[in-house]
Amino acid sequence: MGAQPVLQRGRGDALAARGQPTTADRAGADFPRSAPAAAPAEAPPGTPAGPPAGPAAPAVEAAPRQELRTEFPFELPRGYVDDSGTVHRDGVMRLSTARDELIPLRDVRVQENPAYLSVVLLGRVITRLGTLPSVHDGIVENMFASDLAFLQDFYRQINAEGHTRAAVACPHCSEAFEVELGGSRLGES
C-alpha cells in the first residue's frame, strides 16, 4: 500500500525546503506564497550581540503619541445674562459620554417633551460659562435661542467629527488647508 501524504502543520514547508513537491504542488493548486523570511541584518560594529537587556524594545519606532482633546472652548453669539445682569459668553464644553446621552432619557421633562433633551444634555457637558460657579440645565433653558442653536451645533461638531476643524480648498488656487469652526461667532467665517 502506497504512503498517503499526511497533512501536518509545517510539513509542506519542510518538503519544499528539501526540494520535494508538497501536497499543494501535487494537487496542481496555485496558491499564493509569501516570500521567504529575510535573514536578520547584521548589527553595526560596536553593538552588543543578542537581545537587549531589560524590557524588550519596540521593533519599530512608535509615532509620536497624540493626546486626546476632551474640552473645547467656545464663545456664545449673544451670551447668557445672569440674575445680576452680567453677560457670560466664553465657555468650555467637554466631549459627551454614552452616560451623558442616556441619563437625560430618564428625566421626566424629556419624557414629556423630547425637545428638552438638548437642554438637559448641554447642561451636563458645558463645564464652564463665564464666571458662573456651575452650569446646569436651568442655565441652558434661560439662554437666548441663538445661543442654544449655536451650542447644539457645536455639540454635534465636537462629538460627531471629534474636532472642530474642517478641510477646505481655496477656490482660486485650490490649495488645501484647515479652518477652525469651533469658537467662532454665528455668521462669521
Side-chain angles (χ1 to χ4, degrees), residues 34 51-189:
S34 60
V60 177
E61 190 171 319
R65 189 173 180 175
Q66 185 178 14
E67 290 191 29
L68 176 65
R69 186 173 170 198
T70 60
E71 292 192 326
F72 300 84
F74 62 84
E75 183 178 332
L76 295 175
R78 296 197 186 273
Y80 170 74
V81 181
D82 67 15
D83 294 335
S84 66
T86 304
V87 179
H88 305 273
R89 295 183 73 190
D90 297 324
V92 176
M93 184 183 295
R94 67 172 172 79
L95 290 177
S96 178
T97 64
R99 183 179 184 92
D100 290 324
E101 294 196 355
L102 293 171
I103 285 181
L105 298 175
R106 290 189 241 158
D107 191 306
V108 174
R109 298 168 296 180
V110 173
Q111 291 172 353
E112 290 175 0
N113 182 3
Y116 204 76
L117 174 63
S118 65
V119 171
V120 177
L121 185 55
L122 289 170
R124 293 182 60 84
V125 298
I126 297 172
T127 59
R128 186 183 63 76
L129 183 59
T131 58
L132 294 173
S134 66
V135 181
H136 50 80
D137 52 15
I139 302 270
V140 176
E141 70 184 355
N142 287 310
M143 288 183 174
F144 294 112
S146 58
D147 289 336
L148 179 62
F150 170 84
L151 289 170
Q152 289 169 333
D153 186 49
F154 189 70
Y155 175 90
R156 279 190 292 275
Q157 288 175 11
I158 67 172
N159 285 287
E161 287 97 35
H163 55 77
T164 59
R165 293 179 310 278
V168 296
C170 175
H172 302 290
C173 68
S174 300
E175 183 176 339
F177 60 96
E178 288 186 345
V179 293
E180 181 70 31
L181 299 175
S184 64
R185 295 180 187 173
L186 287 177
E188 290 183 358
S189 299

| request: For residues 110-121, pull every pair meeting salt bridge (charged side-chain N to carboxylate O under 4.0 Å, His left out), keeping only residues two or more places apart or in separate chains. | output: none
| field | Residues in side-chain hydrogen bond (donor to acceptor under 3.5 Å, both in side chains) contact with Y80, at least two apart in sequence or another chain | value | none
| Residues which pass side-chain hydrogen bond (donor to acceptor under 3.5 Å, both in side chains) with E71, listed by chain and number, not counting sequence neighbours | none
Minimal non-hydrogen separation, [X] against [Y], with atom names:
X: D147; Y: P77; result: OD1-CD, 2.9 Å
X: L105; Y: E101; result: CG-O, 3.7 Å
X: R78; Y: S146; result: NE-OG, 3.2 Å

| Would you call the rings of F72 and F154 parallel, tilted or perpendicular if under 30° counts as parallel and over 60° as perpendicular? |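 Rings of F72 and F154: perpendicular, as their planes differ by over 60°.
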| query | Taking only residues two or more places apart in sequence or in another chain, which ones pass side-chain contact (heavy atoms from CB on, under 4.5 Å) with S174? | reply |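 Here no residue qualifies.
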| field | Residues that S84 engages under side-chain contact (heavy atoms from CB on, under 4.5 Å), provided they are two or more places apart | value | D82, T86
| task | Begin from the C-alpha positions of M143 and L151 and carry the test side-chain contact (heavy atoms from CB on, under 4.5 Å) through to its verdict. | result | CA-CA 10 Å; M143 288 183 174; L151 289 170; 3.5 Å; yes
| query | What distance separates M93 CE from N159 CG, expressed to the nearest 0.5 Å? | reply |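 Those atoms lie 8.0 Å apart.
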| Nearest-0.5 Å distance, CD1 of residue I158 to OG of residue S96 | 8.5 Å
| How about R156 and D153: do any of their side-chain heavy atoms sit closer than 4.5 Å? |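 Contact flag for R156/D153 side chains = yes.
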| field | N142 (side chain) donor-acceptor with G138 (main chain) under 3.5 angstrom | value | yes
Return a table of donor-acceptor pairs under 3.5 angstrom between the side chains of residues 115-129 and protein atoms on other chains or two or more places apart.
unit_1 : atom_1 : unit_2 : atom_2 : d
Y116   : OH     : R109   : NH1    : 3.4
Y116   : OH     : E141   : OE1    : 2.3
S118   : OG     : Q152   : NE2    : 2.8
R124   : NE     : D100   : OD1    : 3.1
R124   : NH2    : D100   : OD1    : 3.2
T127   : OG1    : V92    : O      : 3.3

